[in-house]
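Data block below; observations after.
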Amino acid sequence: MTVLRFETIIDRICVNSYVVPVGDDLVMKSTLNELKNRVQVALAAAFGDEYGSIDPLLVGTNNPKFGDYQANVAMSLAKPLKSNPRAIATQIAEQLNVNDICETPSIAGPGFINFKLKTKYLEAQLKAMHGSDRLGIAKAQPPQKIIVDYPSPNIAKEMHVGHLRPAVIGECFARVLEFLGHDVLKISHVGDWGTPFGMLIAYLQETYPDPQAAAEASNSGDLATFYRQAKQRFDEDETFKENARQAVVRLQAGDSAVLEAWERVCQLSKRSYRKIYDLLNISEDIIDRGESFYNPYLPAVITDLKESGLLVEDNGAQCVFLEGFTNKDGDPLPMIVQKSNGGYNYSTTDLAAIRYRVTQDKVDRIVYTTDAGQANHFTQIFQVARRAGWVPDSVELSYAPFGLVQGEDGKRLKSRSGEAVPLKELLDEAIARTRSDIEKRLKEEERTESEAFIQNAAEKVGIGAIKYADLSQNRVSNYTFSYDRMLDLKGNTAPYMMYAYVRVQGISRKGGVDLSTLDADMKLTEESELTLAKHLLQMDLVLDEVKTDLLPNRLCQYLFELSQKFNQFYDRCSVLQAEEPTRTSRLVLCDLTARSLKLGLSLLGIEVLERM
RNA sequence: GGAUCCUUAGCUCAGUUGGAUAGAGCAACCGCCUUCUAAGCGGUCGGUCACAGGUUCGAAUCCUGUAGGAUCCGCCA
């Protein structure tokens, strides 16, 4: 897969984590891993100890008629063992001891070993899952300290649609890693030190020379309006433009009056960002550590690089020459860390950030999420940080680039032209469309609901749909901006899953059943029950994948399939009217589905509704 | 000129260390509400996995080349 190539470039080091029981919470063994171990034992028994450590190539089957899992290892051993794969598979199968988990394994095709789980085993697993607060998902042991580098817009500007992806994706990573028990530090590397700030500071000082008035204006003002007015002044007046430039210089020199104005602009900006983040259900405990934060640490980056011998002066600029990046003549390309005028640039800041995070925060892993256009930049930064000796091998630098948000023309959605849709506008549109959809349904079904119910449902469904539309696509591929697609409420969308959840709550209400206090004695008979059960037991694997590969669409896919399987079960099996013990067993399936959906959606940053 | 990413059904996309007959959603068409919310379920239609070679028991997946698209490339972030 393409993402892996990135990871090899940046020298990815994995830190092992082990699964152990935590506290009183019952932790189930992953079926896949358990079967893997069993096959390895069988391999050792059949062919000698040295075969006990090879990968059994165990995967889920793609067709139920082959069972639930298949081991593909026999084919890969044909050459080294100089034997035919079917014979090898038979030898492995003879040594297999999996009686407690599945039916007798069968050999099929060129040498697949197929496993079909026993119903009894599934029932026991479900019971354990039902008794667990965490749905049987283990916490990482030991936990890692992980920084999730939140998307970092320039806070001098209004948020636009291009900020949606990084916000939503970064939030998902943080939530998944946190749920898996890691110590997550959410850090926003906001642009709070650059040229656009000079413009706003100059405008604030010009319009509100009196500090008291400036304070009031920034407390009650609106960033978008403020920015628009400042931009207009900037574009039409040369003197103002010069004032803005001077403001940046004085800001970086530490001028106290300018610093004060800068603080005000930052506050104004953070307030307006928070409003949107709240609407988007983005964590409140994000730490703002903008470019300004690293200002004091920039000189040390240069001296450190000099000491390690990496720093080279070129045309008056301080550079590090990169390995593997060459210009058209084949000469190494430099990365400038200090401009010829003595100023620093974003490379310096990013290097200072890595250095600080490893030495001061003592992290085990840093997860970066930016648009793919910055892939080269981060590959270079990581290289220099490693070569400078700031990042030991034990620290993992994960880069998760995402595709560009494109316009209908297939080109990058521009932010400066002013054509980019403000994020607020997109979110409001989503809510409005959802609202009218809900009202239409209520009318058709002759239902009446309170205004509060309608508004809340419109917000949760509308925002959920937008976030899901984004997360359910492969992170790497480009994203064509389309209202219609983002706001679609049918098919593989957030409302589909929210609706499955609502169905369970409906059963609980109708039957007057408290799902949390059920005694989970399972009795699975119908095919749709077994299919749902098997899927329910795979959530831990999926979350582990998301942790490693940083692909939220894997979780979306899982939740969509879970909802599909639940809907099929719901369609074919009546719950409340069933005889005991089937009735209770089915109620437990409902409960586990609802809790899995709620958890999974919450990890995507999407909230569920009890009714809709 | 160099680098990175992408190309799978009419549209939007999945496809997990290479595995059995390439899967969803949307759109189109046909069925299913006196039964736990039909934002649902079932079915039909739809593919030269951009193209050409190679690697092997096996390739949408790995390698090489070609075509097309996007993005980046020493003093912006």
Side-chain angles (χ1 to χ4, degrees), chain A residues 1-2 4-6 9 55 57 59-63 65-66 70 72 75-76 78-79 84-85 108-112 152 154 191 194-196 291 314-319 324-330 333-341 343 345-347 349-350 371-377 379 401 403-404 406 410-412 437-438 441 445 447 461 469 472-474 476-478 480 482 485 488-493 495-496 498-500 502-511 541-542 545 549 551 553-554 556-557 560-561 563-564 567-568 570-572 574-577 590 611-612:
Chain A
M1 185 159 126
T2 49
L4 291 179
R5 202 171 303 162
F6 264 108
I9 290 170
D55 188 344
L57 300 176
V59 294
T61 59
N62 57 3
N63 188 329
K65 80 176 185 195
F66 300 127
Q70 62 186 61
N72 299 334
M75 279 86 78
S76 72
K79 197 164 278 180
N84 87 67
F112 300 107
S152 307
N154 189 309
T195 320
E291 290 161 357
D314 192 64
N315 284 325
Q318 302 299 323
C319 313
F325 292 86
T326 53
N327 65 12
K328 58 185 165 215
D329 301 322
L333 223 51
M335 175 163 94
I336 291 180
V337 291
Q338 188 171 23
K339 299 186 276 189
S340 53
N341 67 5
N345 60 14
Y346 70 124
S347 292
T349 311
D350 281 330
D371 70 276
Q374 297 187 57
N376 276 339
H377 169 66
T379 309
L404 302 155
Q406 299 177 317
K411 297 245 168 96
R412 182 187 193 144
D437 184 77
I438 290 171
R441 285 171 201 279
E445 296 165 25
R447 280 168 62 190
V461 173
S472 60
Q473 261 188 76
N474 187 309
V476 181
S477 48
N478 286 345
T480 303
S482 151
R485 187 145 39 87
D488 198 354
L489 305 178
K490 294 186 300 253
N492 185 1
T493 63
Y496 180 80
M498 297 167 89
Y499 185 66
V502 161
R503 282 183 142 177
V504 173
Q505 303 315 312
I507 291 174
S508 164
R509 272 195 306 275
K510 185 101 175 190
L541 280 181
V542 172
E545 260 180 42
D549 299 339
L551 293 171
N553 63 306
R554 293 274 164 75
C556 294
Q557 186 68 27
F560 177 60
E561 285 171 9
S563 305
Q564 274 186 321
N567 278 330
Q568 286 156 4
Y570 182 95
D571 212 52
R572 296 162 170 66
S574 64
V575 177
L576 293 172
Q577 271 115 39
C590 288
R611 292 195 302 127
M612 61 192 273

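As a basis for the values below, the full set of heavy atoms in this structure was taken, side chains included, without hydrogen atoms, waters or symmetry mates. Bear in mind the structure is a predicted one, so any value in this text is a computation, not a measurement.
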Discussion item. Students often mix this up, so state it plainly: with edges at 30° and 60°, are the rings of A:H377 and A:Y346 parallel, tilted or perpendicular?
Written reply: parallel
Worksheet item: Counting any heavy atom closer than 4.0 Å, what does A:A108 reach on the DNA or RNA strands: base, sugar-phosphate only, or nothing?
Response: base
Practice prompt. Go ahead and name the base partner of B:A70; Watson-Crick or wobble counts if both distances stay under 3.5 Å, otherwise write none.
Written response: B:U4
Discussion item. Please report the distance separating the P of B:U71 from the corresponding atom of B:A28, rounded so that it comes out in whole Å.
Written reply: 33 Å
Discussion item. For a quick check of understanding: with a heavy-atom distance under 4.0 Å over all strands, which category does A:V504 fall into, base, sugar-phosphate or nothing?
Written reply: nothing
Discussion item. Please pick, from B:A70, B:G19, B:U16, the nucleotide with the shortest atom-to-atom distance to any side-chain atom of A:E545.
Written reply: B:U16
Worksheet item: If you check every side-chain atom of A:N567, which of B:C36, B:A14, B:C41 has the closest atom?
Response: B:C41
Worksheet item: Under 4.0 angstrom, heavy atoms only, what part of the nucleic acid is A:R572 near: base, sugar-phosphate, or nothing?
Response: sugar-phosphate
Discussion item. Measuring from the side chain of A:K339 (C-beta onward, heavy atoms only), which nucleotide among B:G19, B:C75, B:U56 has the closest atom?
Written reply: B:C75
Worksheet item: Just checking A:F560: base, sugar-phosphate only, or nothing, at a heavy-atom cut-off of under 4.0 Å?
Response: sugar-phosphate
Practice prompt. Taking atom C1' in both B:A3 and B:A24, compute the distance separating them and give it to the nearest angstrom.
Written response: 35 Å
Worksheet entry | A:N72 side-chain N/O to B:A20 phosphate OP1/OP2 under 4.0 Å | no
Worksheet item: On RNA chain B, nearest-nucleotide positions of A:G60 versus A:R485: which is more 5'?
Response: A:R485
Worksheet item: Is there a stack between A:F66 and B:A20, judged by ring centres under 5.5 Å and planes under 30°?
Response: yes
Worksheet item: Taking OP1 and OP2 of B:A38, is either one under 4.0 Å from a side-chain nitrogen or oxygen of A:R503?
Response: yes
Worksheet entry | B:U8 and B:U44, which share atom name P, separated by this distance in whole Å | 25 Å
Worksheet item: At under 4.0 Å between heavy atoms, what does A:Q577 touch on the DNA or RNA strands: base, sugar-phosphate, or nothing?
Response: sugar-phosphate
Worksheet entry | A:K79 vs B:U56: side-chain N/O to OP1/OP2 distance below 4.0 Å | no
Fill in: A:G191 or A:R441, whichever maps to the more 5' nucleotide of RNA chain B
A:R441
Fill in: Sugar-phosphate, base or nothing in reach of A:S340, heavy atoms under 4.0 Å
base
Worksheet item: Out of B:A39, B:U35, B:G40, which nucleotide sits closest to the side chain of A:Y496?
Response: B:G40
Item to complete: Have a look at A:L541 and say if it touches a base, only the backbone sugar-phosphate, or nothing, with a 4.0 Å heavy-atom cut-off.
Response: nothing
Discussion item. Classify A:A78 by what it touches in the nucleic acid, base, sugar-phosphate, or nothing, heavy-atom distance under 4.0 Å.
Written reply: nothing
Fill in: Under 3.5 Å: donor-acceptor pair, side chain of A:T349, backbone of A:N345
yes
Worksheet item: Using purine N1 to pyrimidine N3 plus N6-O4 or O6-N4 for Watson-Crick, or N1-O2 and O6-N3 for G-U wobble, both under 3.5 Å, which nucleotide pairs with B:C26?
Response: B:G10
Item to complete: Look at the side-chain N and O atoms of A:Q568 and state whether any lies under 4.0 Å from the OP1 or OP2 oxygen of B:C41.
Response: no
Fill in: Intermediate values then yes/no, side chain to side chain contact (heavy atoms under 4.5 Å, CB included), A:R441 and A:M612
CA-CA 10 Å; A:R441 285 171 201 279; A:M612 61 192 273; over 6 Å; no
Worksheet item: NA contact type, A:M612, heavy-atom cut-off 4.0 Å: base, sugar-phosphate, or nothing?
Response: base
Worksheet item: With rounding to whole Å, what would you report as the distance between B:U34 and B:C30 at their C1' atoms?
Response: 24 Å
Worksheet, complete the sentence: Minimal heavy-atom distance between A:L57 and A:S76, with the atoms involved, is CD1-OG, 3.9 Å
Discussion item. Can you tell me if A:F112 is stacked onto the base of B:A20, using a 5.5 Å centroid cut-off and an angle below 30°?
Written reply: yes
Discussion item. Both distances below 3.5 Å, Watson-Crick or wobble geometry, any strand: find the nucleotide opposite B:C75.
Written reply: none
Discussion item. Using a heavy-atom cut-off of 4.0 Å across all strands, would you classify A:G506 as base, sugar-phosphate, or nothing?
Written reply: sugar-phosphate
Item to complete: Using a 4.0 Å heavy-atom cut-off across all strands, classify A:N315 as base, sugar-phosphate, or nothing.
Response: base
Item to complete: Look at the side chain of A:N474 and the backbone N and O of A:V476, then say whether any donor-acceptor pair between them is shorter than 3.5 Å.
Response: yes
Practice prompt. Quick one: look up who B:C33 pairs with, Watson-Crick or G-U, both distances under 3.5 Å, and put none if it's unpaired.
Written response: none
Practice prompt. Please work out if A:N553 contacts a base, only the sugar-phosphate, or nothing of the nucleic acid, heavy-atom cut-off 4.0 Å.
Written response: sugar-phosphate
Practice prompt. Answer with yes or no whether A:Q70 presents, from its side chain, a donor or acceptor under 3.5 Å of a partner atom in the base of B:A20.
Written response: yes
Discussion item. Please classify the glycosidic conformation of B:C33 as syn (within 90° of 0) or anti (everything else).
Written reply: syn
Discussion item. Measuring centre to centre across the rings, with the benzene-like ring taken for any Trp, is A:Y496 within less than 6.0 Å of A:F560?
Written reply: yes
Response to the item:
In whole angstroms, the gap separating C1' of B:U61 from CG of A:N62 amounts to 14 Å
Practice prompt. May I have the step-by-step check of side chain to side chain contact (heavy atoms under 4.5 Å, CB included) for A:N72 and A:Q70, ending in yes or no?
Written response: CA-CA 6 Å; A:N72 299 334; A:Q70 62 186 61; 3.1 Å; yes
Worksheet entry | Distance-only polar pair, side chains of A:Q568 and A:Q564, donor-acceptor under 3.5 Å | no
